[in-house]
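Read through the structure below, which is laid out as structure tokens, and then see the notes.
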2 protein chains.
Amino acid sequence: MAAATHLDSVLGKATAILRAFGVDDHVLTLAELVRRTGLHKATTYRLCGELVELRLLDKTSGGYRLSGGLFELGMRASAERSLLELAVPFMQDLYERTHETVHLGVREGTEVMYISKLGGHRQASSPSRVGGRLPLHCTAIGKVLLAFAPTVVRRSMLSGALERRTPHTIVRPGQLSRSLADARRRGVAFEREESALGINCVAAPIAVAGQVVAALSLTGPTSRFRPEQHSP
Amino acid sequence: MAAATHLDSVLGKATAILRAFGVDDHVLTLAELVRRTGLHKATTYRLCGELVELRLLDKTSGGYRLSGGLFELGMRASAERSLLELAVPFMQDLYERTHETVHLGVREGTEVMYISKLGGHRQASSPSRVGGRLPLHCTAIGKVLLAFAPTVVRRSMLSGALERRTPHTIVRPGQLSRSLADARRRGVAFEREESALGINCVAAPIAVAGQVVAALSLTGPTSRFRPEQHSP
DNA sequence: GGGATCGTATCGCTCAGCGATACGATGCCG
DNA sequence: CGGCATCGTATCGCTGAGCGATACGATCCC
């Protein structure tokens, strides 16, 4: 989450506390929140107390956790909500046909943010998390979003350093550029162990009113998943 | 959302603004936010500006909407996240077998809060919304949660006025009490047009470590859905 | 036993936040 | 057309909400 760090206001400090919780965290102690935010202990303690009263945090015996009140607010974000309403039936269809993990994601700057993930009991161990992010260039869903993003976004990404996550990650701008051009031409993008070892993906864009607003992907383990068999 | 209204602090005011957005709202104007919160116009304007900077609100041409930053935070609420991880594969199974709408919900006081909803292209028109709430007594999922809730919760609900939502809503405490006892004995509860006309539901509890923590339900239109056919 | 760390609480200080106010733009109605 | 209502944006003097330095008891470890 790339929002500016405002530690000079109440709202900024409170937001820093809420954002100190990562996608895999459960409970954080007051001391850990202090370490992660850099706020003073007494300030953190006071704000946490108020956030608990406001049902944005829960206080448990082991520390604090993000509360259901925040889940409710998050589910009211209309852009994400509308996308889910539109996409979940299709995601369900896709899952039913393949029994592999289906993702819905949107572009946020230079990252894909996952809106939904439908896998079954035998999910491939993908690093994705609903509400989490991954760099655009190393996932199929990210690449298809990047392929159909405005030129300035692509140019910016291609001119910066591309993070390597596995030995297979595309980090050479020329190679990525060709891959994106291919994705644009075919309307589909692939990933072969570029974000994590052991998984392949195929992804396609979702357009609304002629604009690509999101993408769907299918992810499976390399042992049994052939992404080319799933493209149109 | 039954959190206390603290309008005497920055956090309280900002939370009031965020909570002014209902489950079906898209964009709200500054003036509408002022009306819904009762805050002063200049205060609302200032706080909205700051919430936008912090990516908790988005500013669009028509007004403000809850942002993706809030969606991300909401998805990090660990209790809800853990429940989703556990339940979504089973929800998918159920959807695949029935092609009717599947819900996951938890009890929040005297209401069910919906955590997830999986439906297809021909969903029955249920009033449920992810992140939304309905009274416990008039939905199958709510009744099963109430049936397995602590006695004090049941007693409290049965001693108050039960809201009527349709001509079929159970509003007589004696009738509801019998229905709940039945649900406890059978481990399943039904709804027949009690929350909305035209839909039937069947629901069952989800227990973790011997405690009922959530419930799953199946919802379909009265025209084609026989809830008894779907119970264990 | 001493030190480190934790969570909880207090209090004097001060500036962040407030709301009263102002202004230009827009829309509506007589 | 003019007056009024409403809207969104901005300013500024005032003050109390928020801050952080500090204190304390509890727990753990060496």
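Chain letters run A, B, ... following the sequence lines, proteins first and then strands; every chain starts at 1. Just so it is clear, the structure is predicted and the values come from calculations on it, not from any experiment. These numbers come from the heavy atoms of this one structure, side chains and all, not from hydrogens, waters or symmetry mates.
Residues meeting the side-chain hydrogen bond (donor to acceptor under 3.5 Å, both in side chains) test with Thr219(A), sequence neighbours left out: His103(A). With sequence neighbours left out, Glu194(A) forms a salt bridge (charged side-chain N to carboxylate O under 4.0 Å, His left out) with Lys143(A). Applying the ring-ring contact (aromatic ring centres under 6.0 Å, His included) rule to Tyr45(A) yields no partners; only residues at least two apart in sequence or on another chain are considered. Looking at residues two or more places apart in sequence or on another chain, you find a side-chain hydrogen bond (donor to acceptor under 3.5 Å, both in side chains) between Glu191(A) and Ser195(A). Ser9(B) meets the side-chain hydrogen bond (donor to acceptor under 3.5 Å, both in side chains) test with Glu50(A); sequence neighbours excluded. Applying the side-chain hydrogen bond (donor to acceptor under 3.5 Å, both in side chains) criterion to Arg129(B), with sequence neighbours excluded, gives Asp24(B).
Side-chain contact, Lys117(B) with Ser128(B): a donor N or O sits under 3.5 Å from an acceptor N or O.
Residue pairs satisfying the ring-ring contact (aromatic ring centres under 6.0 Å, His included) criterion with at least one member in residues 117-143 of chain A, sequence neighbours excluded, are listed as follows: His121(A)-Phe90(B).
Using five terminal pairs a side, the axes of the helix from dG1(C)-dC30(D) to dG30(C)-dC1(D) at its two ends make an angle of 30°, given in steps of 10 degrees.
Proximity of Arg35(A) to the phosphate of dC6(C): a side-chain N or O atom is located under 4.0 Å from OP1 or OP2.
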Scan nucleotides 8-25 of chain D nucleotide by nucleotide, 5' to 3', and note B when protein non-hydrogen atoms come under 4.0 Å of the base, S if they reach only the sugar-phosphate, - if neither. BBB-------SBBB----
